[in-house]
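Naming: A, B, ... by sequence-line order, numbering from 1 per chain.
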Amino acid sequence: MRPNRLLQAGAYAVLILGSLFFLYPFWWMVLGAFRSAENVLTDPLRLWPEQFDFTAFSQIAMVSGEPIWLYIVNSLVITTLSTVLSVVLTAMGAYAITRRPQLIAFRLLRSGFLLTMMYPYMLLVIPVYIVVFKLGLLGTYAGIILFLALGPIQFFLFEQFFRAFPKEVIEAAIIDGAGETQILRTIVLPVSMPIVATVTIITFLLNWAQWFPVLVISRGTSTYTLPVALLNQTGELGTNFQAIMALAIITTIPVTIVFLAAQKRVMQGMAEGAVKG
Amino acid sequence: MARVADYFRSGNVWVFYLFALPFAGLTIVFGLWPIALSFLVSITKSATALRANPDYVGLANYAKVIGDPVFLTSLWSTLLYTGLAVVTNVLFALGYAFLLNSVLVRRGSTFFKIAMFLPVVTPDVAGYAVWRWLYDQSFGAVNAFLALVGLPDFGGIASPNTAMVAILVAELWHHAGFYVIIFLANLAICDKALEEASALDGATPWQTKLHIILPQLRPALVINSIYAIIQFLKTFTVIVVMTKGGPNGTTNFVSYYAYRLFDQGRYGEAMAMATILFVLVAVIAFLAYRIGERGRA
């Protein structure tokens with residue numbers, strides 16, 4: 001089968017247009033941060049800045065009364081800790097459930113978890129506010145991190161992996177007299193590293209983007225992450241276009257780097273995690 | 001082997017309970033308890049909802065919500081938007097996946113995939129903040145571009161007639177890549193032999209696509225439709241960042257409306273809305289699932 005030249009040109013034309021649609025907003029964001037508002041106003045479509053104007057980045061040194069580094073540190077700390085917690089908790093939970101799927105407690109747990117994941121997330125966060133309030137964790141990192149540790153895609157990826165794990169290997173170890181913690185540590189964990197890496201990266205990307213739970217559980221700006229600071233900014237400095245674009249860049253860069261470094265793993269992992277659900 | 005069988009049947013479950021304990025704790029504290037609470041709050045008087053002994057008012061909040069014309073408009077626009085968004089996103093993703101998977105496209109397919117998926121991992125707040133300005137009537141690139149190619153202005157998020165379309169495009173930008181990779185995963189496991197056989201039998205490429213490949217894509221089609229339905233029924237972030245429910249309430253979707261009521265301390269009504277939306281999501285997702293399953297048999 002020799003591909004038709006004309007059809008091929010058409011296919012590439014559509015994909016290039018599609019890619020422009022996906023990528024242009026990023027470029028426009030970068031330009032917007034480095035061009036003065038007046039310049040953007042006179043020529044919104046310009047593809048290269050007249051000159052690099054860094055005023056926006058000095059304007060966002062303080063956002064909503066807090067230094068920008070506070071949000072950067074918050075984002076890093078909250079995302080990293082919630083990711084580690086999520087991976088460990090979910091892996092252990094999914095492992096236990098797949099090893100003993102017939103236990104009634106585990107069946108209930110699995111259904112309960114699925115129900116939670118079906119509940120409209122934004123509307124779950126509101127009663128979570130009440131729960132966090134009752135636990136005395138309002139405005140704390142702990143409250144935010146604990147809530148962010150729960151996610152569907154993590155669970156499905158681990159469950160899928162452990163289900164496919166060869167039972168014979170575990171049975172052999174049991175015959176040899178190995179205990180469960182020993183089996184987990186010496187047999188399951190070493191071969192689980194690729195899936196652990198995939199889930200870690202995906203969780204990092206997802207949790208970095210979280211804003212609503214952070215906003216709701218926070219009591220003030222001191223626990224805000226970058227997306228929340230950005231959202232705050234859009235309301236507060238409504239028309240400071242340049243500063244908003246600069247803050248959007250800072251919010252986007254870390255995930256862009258992580259994604260580009262691990263794009264294949266991320267796309268494959270997200271597809272697999274979704275197909276299971 | 002008897003020992004192993006014994007082992008699996010009895011004993012030593014405690015270590016597994018221990019393994020699952022933190023996960024179970026989190027699911028209960030941040031999942032089941034809030035869900036139970038949201039139902040409880042939906043049947044209490046708002047002013048007393050946060051007290052230790054709230055006043056229960058039965059279904060009064062539900063009655064109030066259903067009698068509220070703003071809610072009915074909100075529900076209708078949510079359903080309309082969901083319908084439009086699901087169809088647009090799934091069809092777009094299907095077409096795009098076919099292209100990426102096509103024999104016509106060899107070089108550059110990794111680049112196209114990365115370009116399409118980058119918006120998915122971009123924090124939604126940042127993406128929508130950029131789109132909000134792209135649509136801006138004086139700053140925005142959208143109208144400048146339309147003027148350049150000689151097309152009339154697009155009202156964007158400023159006009160009640162176009163706001164829904166405007167947020168639909170922004171949401172497609174953010175979500176479509178995810179649906180595409182699910183179609184791609186499914187296309188990768190399609191039976192190549194069937195395809196070749198149909199081509200040998202003289203089927204045109206379109207006939208092959210329609211009658212041979214499309215039926216094999218049923219799993220991805222079902223998954224994507226269910227995901228998209230759940231996704232768009234609870235549309236929220238794009239509204240908060242771009243329209244705040246406006247203009248003229250045209251994008252005042254249920255999630256956002258419920259959140260605003262919550263913000264005003266009308267907890268009972270907000271949670272009644274949440275429960276209604278949850279039931280709606282569950283029923284529609286379940287129906288979509290059943291339709292998908294029945295078609296398979």
Would you find more than 12 non-hydrogen atoms of other residues, nucleotides or ligands less than 6.0 Å from A:Leu6 atom CG? no

I need the residue from A:Ile97, A:Asp43, A:Leu146 with the largest number of non-hydrogen atom pairs under 4.5 Å to chain B. A:Leu146

Where B:Val130 and A:Pro25 come nearest, the two heavy atoms and their spacing: CG1-O, 3.5 Å

Nearest 0.5 Å, what's the CE-CD1 distance between B:Met273 and A:Ile126? 10.5 Å

Atom OH in B:Tyr128, atom CG in A:Leu230: separation rounded to 0.5 Å? 13.5 Å

Across all chains, not counting sequence neighbours, the side chain to side chain donor-acceptor pair (under 3.5 Å) partners of A:Trp208 are none

A quick test of your reading: do over 12 heavy atoms of other residues, nucleotides or ligands sit less than 6.0 Å from CD1 of A:Ile104? no

Would you call the rings of B:Phe278 and A:Tyr119 parallel, tilted or perpendicular, where under 30° means parallel and over 60° means perpendicular? tilted

Write down the atom of A:Ala11, the atom of B:Leu104, and the distance for their closest heavy-atom approach. CB-CD1, 4.1 Å

Spacing of CE belonging to A:Met245 relative to CZ belonging to B:Phe139, to within rounding of 0.5 Å: 9.5 Å

Identify which part of B:Phe262 has an atom lying under 4.5 Å from any heavy atom of chain A, answering side chain, backbone, both or neither. side chain

More than 12 foreign heavy atoms under 6.0 Å from CZ of A:Phe162: is that the case here? yes

Evaluate the side chain to side chain contact (heavy atoms under 4.5 Å, CB included) criterion for residues B:Trp33 and A:Lys134: first the C-alpha distance (whole Å), next the side-chain angles of each, then the deciding distance (0.1 Å), finally the verdict. CA-CA 11 Å; B:Trp33 185 12; A:Lys134 285 187 172 166; 4.0 Å; yes

Options A:Leu108, A:Leu150, A:Thr251, A:Thr252, ranked by heavy-atom pairs under 4.5 Å with chain B, top entry: A:Leu150

Heavy-atom pair count under 4.5 Å with chain B, highest-scoring of A:Thr116, A:Leu205, A:Val125: A:Thr116

If one checks every heavy atom of B:Tyr256 against chain A at 4.5 Å, the contacting part turns out to be neither

So A:Glu180 and B:Phe16, side chain to side chain contact (heavy atoms under 4.5 Å, CB included) or not? Walk me through it. CA-CA 8 Å; A:Glu180 281 302 334; B:Phe16 291 109; 3.5 Å; yes

Name the option with the most non-hydrogen atom pairs under 4.5 Å to chain A; the candidates are B:Leu32, B:Asp124, B:Val29, B:Leu118. B:Leu118

Which atoms form the tightest heavy-atom contact between B:Pro34 and A:Leu124, and what is the distance? CB-CD1, 3.8 Å

Can you check whether A:Leu184 reaches B:Phe19 side chain to side chain, under 4.5 Å on heavy atoms? yes

As an exercise: rank A:Val128, A:Val132, A:Val14 by heavy-atom pairs under 4.5 Å with chain B and give me the winner. A:Val128

What heavy-atom pair brings B:Val105 and A:Tyr12 nearest, and what distance separates the two atoms? CA-OH, 3.8 Å

Which bit of B:Ala282 is near chain A, if near means a heavy-atom gap under 4.5 Å: side chain, backbone, both or neither? both

Per-residue contact mode, B:Val41 against chain A (heavy atom under 4.5 angstrom): side chain

Contact list (residues 253-261 of chain A to chain B, heavy-atom gap under 4.5 Å, by number) returns A:Val255, A:Thr256, A:Phe259, A:Leu260

What is the distance from atom OH of B:Tyr259 to atom CZ of A:Phe212, rounded to the nearest 0.5 Å? 4.5 Å

Please identify, among B:Tyr17, B:Trp131, B:Tyr267, the residue contributing the most non-hydrogen atom pairs under 4.5 Å to chain A. B:Tyr17

What part of A:Ile249 gets closer than 4.5 Å to chain B, counting heavy atoms only: side chain, backbone, both or neither? neither

Partner chain A: residue of B:Ile114, B:Asn186, B:Ile182 with the largest heavy-atom pair count (under 4.5 Å): B:Ile114

Only one of A:Phe106, A:Phe158, A:Phe113, A:Tyr95 forms a ring pair (Phe, Tyr, Trp, His ring centres under 6.0 Å) with B:Phe23, so which one is it? A:Phe113

Per-residue tally against chain B (heavy atom, under 4.5 Å) across A:Met117, A:Met29, A:Met270 peaks at A:Met270

Between B:Trp173 and A:Phe26, ring centroids under 6.0 Å: yes

With chain A as the partner, which of B:Leu148, B:Leu99, B:Ile230 has the greatest number of non-hydrogen pairs under 4.5 Å? B:Leu99

Stepwise side chain to side chain contact (heavy atoms under 4.5 Å, CB included) test for A:Met267 and B:Val120: CA-CA 10 Å; A:Met267 286 195 264; B:Val120 178; over 6 Å; no

Nearest heavy-atom approach of B:Tyr227 to A:Gly273 is OH-O, 4.4 Å

Could you have a look at B:Val142, B:Thr237, B:Asn224 and say which one has the most heavy-atom pairs with chain A under 4.5 angstrom? B:Thr237

Can you tell me which of B:Val241, B:Thr110, B:Leu26 forms the most heavy-atom pairs within a distance under 4.5 Å of chain A? B:Leu26

Report the C-alpha separation of B:Leu172 and A:Phe21 in whole Å, then their side-chain angles, then the decisive distance to 0.1 Å, and conclude whether the side chain to side chain contact (heavy atoms under 4.5 Å, CB included) test is met. CA-CA 10 Å; B:Leu172 183 125; A:Phe21 165 70; 3.8 Å; yes

Can you tell which part of A:Leu103 gets under 4.5 Å to a heavy atom of chain B, answering side chain, backbone, both or neither? side chain

Check B:Phe112 against A:Ser19 and note the closest heavy-atom contact, atom names and distance. CD2-OG, 3.1 Å

Please tell me if the side chains of B:Ser138 and A:Leu41 come closer than 4.5 Å, counting only heavy atoms from C-beta onward. yes

Look at A:Phe147, A:Tyr24, A:Phe22 and state which one has the largest set of heavy-atom pairs under 4.5 Å with chain B. A:Phe22

